[in-house]
Every structure is written in structure tokens, then in C-alpha cells.
Amino acid sequence: MSLIIDGLLAILAIYLALQSLLAPRLTQSVFLFFAFGLALALAWIRLAAVDVAITEAAIAAGFLGVLFLDALRDFAPRIPAKNEAVQKQYSKSQTKSLFLPRLTLWAGLGLFLLIALEAVWKIPEGGGLTAAAGTLLPESGVENPVTAVLLNFRAYDTWLEMGVILIGLLAVFAAGGKMAYRKPGVASQDPLLRQVILFFTPVLFLFGAFLLYIGKTGPGGAFQAGVLWGAIGILLHLGGWPFIALMPRWLGQLLLTVGLGFFLVLGFLFMAAGGALFEYPPAYAGILILIIETLAAISIAAALSAIFALLNQIGEEADEIESTT
Amino acid sequence: MDVFFIIVIVFLLLNIVMGLFRVWRGPAVADRLLTTQLFGTTGMAILMVLAGYLGELTLLNVAITFNVLAILLVISLVKVWKNKKGETK
């Protein structure tokens, strides 16, 4: 019976993915992509991967949505519909320069498909490492197998992932420059917006902390909590309290790197004590994982809100330049 | 009882399919955003029904995640597009 749900969900997800790529208008693409995120989250749940579903919900519905809307605003005024000459020129130059990117994209896509096929082909029978992870679970200090794998058995991978977020932020810094970032904002006068922000900030904080803590025993964890806390930063920025831009430079840098840094220092400390990198003593593993996850969530939240703050500031400045000319 | 859950879930999924029409037509960004909010609400409803169907209460956490983050999109749209008049593009 549940085959109906799964079939409908699969058709919906693939249809939405195709349409969000092929839709003629940018706004259609973006909003179809939101719907795709929802279908994907539901699909993850049908695959019994609730951890991934929460991450998908948090990132697709929250962070990516805000970034996409911001990008839409920046793209919209570039091609005024009235000025046909400009539009024609734009599309002409586009068709010319698009051949090489298209070729690269298709080649990359084909390569990715081949790699994916090979990975599926090579899936070992009997669940691979699932049984091994299950037997070692009591030593990991947590009860949720996903958290155990992410922060204990494969901590090195998670550490690298946190580095990827930081590198993304560095790329945004490099592209945008620091001047726009440190521009202080004006607090919003809109009473409705103020009330919404005042109401949702504690809710977001509490639920993020809840997800962080529940990660020990069930679905949840640092990345999900980081996105929710990052949403606080985005909300405050939209309301005119850009605290990321206003805080002293050293404090911002500390917040951004504390997760990655603590993780690394801890890993090397245990290495110096004679173990392997990221090998925690089983007695303290639970509390250590909680500390690492908290600091990681803080760093992720700071990085996400800094990315949004910087991109949004650039957009505002571009608008000002346009309006003055 | 299972049949009831499945009928409800399929009905809600079909609701999303119907809503796609508004995303496709538009015409304004606000229309599309409201449809996305509808998807979020419908998705939460599906999640809650699924939680009952599968007997797994952790699914409610996913629903709350969708719920608390839905406000971000609305505020972002209002703030970001505030100064633009012709948002039909």
C-alpha cells in the first residue's frame, strides 16, 4: 500500500528536479527548487534517514531559500524587459559564451554518473560497515549511530566538512571584499518585523539547542543546530541588527574558527597522548562529542550568517549605485 | 487504519501537485512565495501523518524545522523585494 506514496513521491521529486532545471524563468526555477527540497526531505524520510531529512529541511527551506531570493533580486534588474536591444545583446553574448560551460557541465555530469554507477555497483552485500559500527556503538559515547559515525568513527571527514564551509566563506570574502561587510545597518522601524524577530529568535535558539542535544540519542546534531542558529543571524541581519558586521574583528574570527580549531587541537592532543587522530577515550567520549558539536554549531551558524550578511550587503550597495546614476 | 493514513498522505501530496500550477503561472514573486508557504504547511501535515503512520515521533522534529524556518523566506522576500515595484519578472 505504501507503494502508492513512494511512487508518487519519486515521480514528484524527479519531475520537480527536471522542471527546476528546465523552467524558462528564473523565478519559476527558484520556487520549483523549494518544492523539490520538500519532496526530497519527504523522500529521505521514506528511506528512513531522518537525520538527512532534518538537514535537508533546514538548508533547503531556510538558508538556501534566503540566498536564492537575494540572488533573484540581484539578477532581476540586470535585464530590463523594456530595453530590447540590451536584452538581445545579452542573449547573443550568452549563446556564444555558453558552449564551453555547457560542454564542461555535461562532461562533469557524465563523469559523476559513471562514478555513482560504480559506487552503486560496488555496494557490499550484507550492509557493509553497518554491523561493525553497531557493535562499536557502546564505545562511542553516544546512542545515535549517525552521530557516532560522524563525530567519532569518521571524525576526520566531519572535520574536513567544517573546513569546506569555512573555505566557502573565505571565497565570498575574497569575491566581495571587506569594506561592504563592515557597513553598519539601520535598525528596522517596522513594529511587525520587530515583534516577529523578537518572537522567533528565542524559538530558533531553543530548538537549535534541542536538536544539538537530541543528536546524542536520535536524529539531530551540529549541522542542523548550526543552520537554525545561523537563521537567527540572518533574521537579525534582515531586521537591521547586523551583529556579525558590528562585532569586533577578533570576536568574529574566533566564532568562525572555534569549531574547526577546537576539533583539530583535541585530535592532536589525543595523538600526542599516544592514540590515533580524533581517537577519544571511551569514558569521556560523550561529553567531548557534545562540546565539539556545540562549538561546531556556533562556527557553522557564524559562517552561514556571515555569508548571507556579506552577499546581502553587496546587493544593497549595488542598488544604491543604480539609484544614484 | 493504515489505509486511512495512506489516503490522507496521497491527498496531501496531490495538494502539492495542484499548488505547482500557481508556481508555474505566477505572475508575481509573492504569489509563488505564498505557494511555497503552502507547500511548507502541507509538507508539515504530511510529516505529522507519516509520524503517526510509521509510529516514529522524531519526524515531528523535521516538521518543526520546516515550521520555524518558513518565516525566514517571508521576511527575506518582504525585506529584499521591498524597494522593487515591478516584481512580475
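Because the structure is predicted, anything quoted here is derived from the model rather than measured. The sequence lines fix the lettering, A, B, ..., with proteins before strands; numbering per chain opens at 1.
The part of A/A41 that comes within reach of chain B is its side chain, from C-beta onward, which places non-hydrogen atoms under 4.5 angstrom from that chain. Proximity to chain A is limited to the side chain of B/I9, based on heavy atoms less than 4.5 angstrom apart. Both the backbone and the side chain of B/L33 come within less than 4.5 Å of a heavy atom in chain A. Within the 4.5 angstrom heavy-atom criterion, atoms from both the backbone and the side chain of B/T58 approach chain A. Using a 4.5 Å cut-off between heavy atoms, A/L235 touches chain B through backbone and side chain atoms alike. The part of B/I71 that comes within reach of chain A is its side chain, from C-beta onward, which places non-hydrogen atoms under 4.5 angstrom from that chain. The contact between A/F200 and chain B is made entirely by side chain atoms (from C-beta outward), counting heavy-atom distances below 4.5 Å.
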Donor-acceptor contacts under 3.5 Å from residues 14-21 of chain A side chains, at least two apart:
unit_1	atom_1	unit_2	atom_2	d
A/S20	OG	A/L16	O	3.2
A/S20	OG	A/A17	O	3.0

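For the set A/V30, A/L32, A/V203, A/I234, the count of heavy-atom pairs under 4.5 angstrom toward chain B peaks at A/L32. Of all the listed residues (B/I64, B/T35, B/I46), the one sharing the greatest number of non-hydrogen pairs under 4.5 Å with chain A is B/I64.
Classified by interplanar angle (parallel below 30°, tilted 30° to 60°, perpendicular above 60°), the ring pair A/F205/A/W229 is parallel.
Just one residue in the list A/L38, A/L40, A/L42 forms a side chain to side chain contact (heavy atoms under 4.5 Å, CB included) with A/E56, and that residue is A/L40.
Ring-centre distance between A/F34 and B/F39: not below the 6.0 Å cut-off.
Here the side chains of B/M48 and B/L60 are in contact, with some heavy-atom distance below 4.5 Å.
Not counting sequence neighbours, the partners of A/R46 by the salt bridge (charged side-chain N to carboxylate O under 4.0 Å, His left out) test are A/D6.
Counting non-hydrogen atoms of neighbouring residues, nucleotides and ligands closer than 6.0 angstrom, the CZ atom of A/F207 exceeds 12 such neighbours.
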